[in-house]
Amino acid sequence: VCTSRFWFNYRHVANTLSVYRSVKRLGIPDSHIVLMLADDMACNPRNPKPATVFSHKNMELNVYGDDVEVDYRSYEVTVENFLRVLTGRIPPSTPRSKRLLSDDRSNILIYMTGHGGNGFLKFQDSEEITNVELADAFEQMWQKRRYNELLFIIDTCQGASMYERFYSPNIMALASSQVGEDSLSHQPDLGIGVHLMDRYTFYVLEFLEEIHPASQTNMNDLFQVCPKSLCVSTPGHRTDLFQRDPQKVLITDFFGSVRKVEITSETLSLQRDVAGSESKLPEEELATEPLKYAEQLPVAQIIHQKPKQKDWHPPGGFILGLWALIIMVFFKTYGIKHMKHVF
Amino acid sequence: MAAPLVLVVLAAVTVRAALYRSSLAGFIAERVEVTSPLNAWKRVVEGLALLDLGVSPYSGAIFHETPLIIYLFHFLIEYAELVFMITDVLTAVALYLAIQDFNKVVFKKQKLLIELDKYAPDVAELIQTPMEMHYIPLKVALFYLLNPYTVMSCVAKSTCAINNSVIAFFILATIKGSAFLSAVFLALATYQSLYPLTLFAPALLYLLQRQFIPIKLKSKSFWLYTMQYASLYLCSLVVIICLSFFLLNSWDFIPSVYGFILSVPDLTPNIGLFWYFFAEMFEHFSLFFVCVFQINVFFYTIPLAIKLKEHPMFFMFVQLAIISIFKSYPTVGDVALYMAFLPVWNHLYRFLRNIFILSCVLIFCSFLFPVLWHLWIYAGSANSNFYYAITLTFNIGQILLISDYFYAFLRREYYLTHGLHLTRQDGTEAMLVLK
């Protein structure tokens, strides 16, 4: 989720897209990713290289490309939509790509970036989500069995405040800076004119570049990424709610789509579907001739359609009063002698 | 003079009918310069539909028309286009007859003043002759009917046309001298949109002049006549409002119509001055500034009445212009009404100083309105400041136009009584300045 708009927040979009790319590279398909970008940097009129979003200086890596699937874009990235995606309380007309279709065996990775402060994250420069709201949303998810394990990464100023209030089990959280510290951006690119990435995400990405679907790197290595010497801020993490030992949690459990495959050499026979035979329609009930379109409404009825019946009529007293007044004015102006011409 | 008028009317009706059938009708009906929340046709249809569904049309913030308009369109909604064309034609005919009579009055007054030797000897070229005044009523009708503003307002079916026609009938009744009819029409106009209240003063002055009652504050006949006219006006207004109560059996229409006009809650952009100001204002101050802006409309009546008490028709024209510039939801239909009167003051042409620049400003602004609207709303590369700049420029153009005519009128009056070649005390040539 990228929550910042405006051109000078290019780096937040680049952050999010870079994580998106890594996660796709490690095997998670677009149907399992909900990408929220609050502004369109690639097609922003101020972008000197349109249709691209770069994450490395000297434009080495275009994280935008042809196959980015943004699910929530621009003004759709709001606190309400984000919470609805998490908790699943979405109107029935929402398409599948905009839903988080997770169940109690899903491991969810949530990456958020933007501008934040002590206890809040700013959305779109107009509203905020607080750490309490986020914690409650995660508790709703837990009670609805919408996740098995959840990894929450946040790259904003004072990011650690966002995970202070979590109270649901099986959540691990990482943040780019502690309360009272600012997360800093990495490098400006003089050709584009803005900072391209934030430091924490930059080093997380360097770390992720070495991960491949079969690697056994665990969470403790992720906690070591970006020490204070490189990041200037102190990254933080929280594992007390997590039931497994972080040493044993693989990176690919969250960042990649690695399935456990069991190979069996036995044959299994599947039962025939017994209920299916009862649902066939009896042939006799079908209509003998399907209706043709032209015959469904006789032409005569269409061209002589009466005007719609009006249900409301002005009260009789009003009409009487109005016309009485009009007639009085008429006779006052033109004299009573005209009355005999009327009658 | 009937034949050219009929020709003009036919031409106007053809233009409007052609536009109704073309695809421009939908585009024009959407433009915010032509329709405002007060007089949009969409809202009339919506209100009537709500009424059919059994809901009071004033229950939301959609419908701001008066109950008499509900009654009118309840029966005529299928013939709406015809109704608006007929309204425009009626307005033009009323203006034609009014200006014809007014010319006679002007000419009579001029003759009287010449015979009384009130004019200076060398002003022969300033006196209006019947020859040049012969075509003025036709020009007035032409200006009104074929003005692009009126045509657009008619094609958009904005009820401003109805308001214009009531005001035109009010002017006709005033010029004919019938105080009763003029009070009735003024009450109808005020009932529909509140601002014609300020037209009470010029009408009163005109009727007083017609009855040869001098305007002295101590004169008993002056006060008697004023009281009569005011009571006629107020009684008809009260009667119309009470009658409207009986349409829907509720007083809902008063906050919806008059509350809406006075408190300006809807800040859709239009060609007026209110929307931008109130869009960026803090809640704390909005009541104060609403009062200031509304007082601004009514404020010019008394000073103008004092200055122009001998010339009530010019006062009427200036007052109409002030209403259409400073009202809370102006549209180009209001502008068209006072522009129709410009041919009456053709004789002031030699004294107008900035007429070229002002007409250019007004024309350019009219063309720039849709351009900047498109840039702001559709292209997204401009913002509301651009549109407001054009609104401001348009209104400044209008204000300068009115003040230019005002200056020219007063200058001509001064020359008439003091002679064309003004000299100062030491013999050098003097110049008139409007202070």
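Each chain gets a letter, A, B and so on, in the order the sequences are listed, and its residues count up from 1.
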Would you check if there is a donor-acceptor pair between the side chains of Ser182(B) and Tyr229(B) at a distance under 3.5 Å?
->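 Yes - a donor-acceptor pair under 3.5 Å links their side chains.
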
Is there a donor-acceptor contact under 3.5 Å from the side chain of Thr66(B) to the main chain of Gln192(B)?
->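 No, the answer is negative, given that no donor and acceptor are paired below the 3.5 Å cut-off.
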
Does any heavy atom of chain A fall under 4.5 Å from the side chain of [X], the backbone, both, or neither of them?
{"X": "Ile240(B)", "result": "neither"}
{"X": "Leu181(B)", "result": "side chain"}
{"X": "Ser244(B)", "result": "backbone"}

The single option from Thr3(A), Asn15(A), Asp155(A) passing side chain to side chain donor-acceptor pair (under 3.5 Å) against Thr113(A) | Asn15(A)

Using side chain to side chain donor-acceptor pair (under 3.5 Å) as the criterion, point out the one residue from Lys122(A), Gln124(A), His12(A) that pairs with Ser4(A).
->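 Exactly one candidate clears the test, His12(A).
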
Among Phe246(B), Phe245(B), Phe180(B), residue most engaged with chain A (heavy-atom pairs, under 4.5 Å) =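 Between Phe246(B), Phe245(B), Phe180(B), the count favours Phe180(B).
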
